[in-house]
Amino acid sequence: MVFRPAKVAVFIDGCYWHGCPEHYVSPKTNSVYWSEKVARNVARDRDTDKQLSAAGWLVLRFWEHQSSDSCALSIISAVHERRNDLPG
């Protein structure tokens with residue numbers, strides 16, 4: 001999700017595809033391929049975070065297993081805070 005005026009980008013990362021430290025389990029079949037794939041996803045996520053941050057964006061990442069209510073409250077808080085800092 002993107003909150004353009006506040007420059008907040010929100011990502012909900014899947015535990016398997018993005019290597020959740022709590023829930024990722026390497027598959028039993030073709031594990032080298034899938035582990036490398038997940039490692040590339042994680043590297044791409046870090047690069048995306050870096051590029052967005054350098055452009056002045058706040059990046060919020062949540063795991064799919066996190067409470068949607070908790071995530072929503074964090075997003076609302078960040079957007080309100082950044083919108084209040086906007087000129088005009």
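These values consider heavy atoms only, across backbone and side chains, with no hydrogens, waters or symmetry-generated copies.
Residues forming a side chain to side chain contact (heavy atoms under 4.5 Å, CB included) with Ile75 (at least two apart in sequence, or on another chain): Met1, Phe3, Val10, Leu60, Phe62, Val79. For Arg61, the salt bridge (Lys or Arg N to Asp or Glu O under 4.0 Å) test picks out Asp13, Asp45, Asp49, with sequence neighbours left out. Residues satisfying the side chain to side chain donor-acceptor pair (under 3.5 Å) criterion with Asn30, sequence neighbours excluded, are absent altogether. The side chain to side chain donor-acceptor pair (under 3.5 Å) check on Gln66 picks up nothing, with sequence neighbours excluded. Partners of Phe11 according to the ring pair (Phe, Tyr, Trp, His ring centres under 6.0 Å) rule, which considers only residues two or more places apart in sequence or in another chain, do not exist here. Among residues two or more places apart in sequence or in another chain, the side chain to side chain contact (heavy atoms under 4.5 Å, CB included) test is passed with His65 by Cys15, Cys20, Glu22, His23, Trp63.
Cluster note: Leu73 groups with no other residue, as no ILVMFWY side-chain heavy atom lies under 4.5 Å from it.
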Show which side-chain atoms of residues 35-42 pair as donor or acceptor with protein atoms under 3.5 Å away, not counting sequence neighbours.
unit_1 : atom_1 : unit_2 : atom_2 : d
Ser35  : OG     : Ser26  : OG     : 3.0
Ser35  : OG     : Ser31  : O      : 2.9
Lys37  : NZ     : Asn41  : OD1    : 3.3
Asn41  : OD1    : Arg44  : NH1    : 3.3
Asn41  : ND2    : Trp17  : O      : 2.8

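The shortest non-hydrogen separation linking Trp57 to Arg4 is CH2-CA, 4.0 Å. In terms of heavy-atom proximity, Arg82 sits nearest to Leu58 at NH1-CB, 3.5 Å. Heavy-atom minimum distance, Ala6 versus Arg83: CB-CG, 3.7 Å. The two residues Trp34 and Tyr16 have their closest heavy-atom pair at CB-OH, 3.3 Å.
In this structure, Asp47 contributes its side chain and Ala43 its backbone to no donor-acceptor pair below 3.5 Å.
By the 6.0 Å contact criterion, CZ on Arg46 is enclosed, its count of non-hydrogen atoms from other residues, nucleotides or ligands being greater than 12.
Evaluation of the side chain to side chain donor-acceptor pair (under 3.5 Å) test over residues 69-79, restricted to residues two or more places apart or in two chains, returns none.
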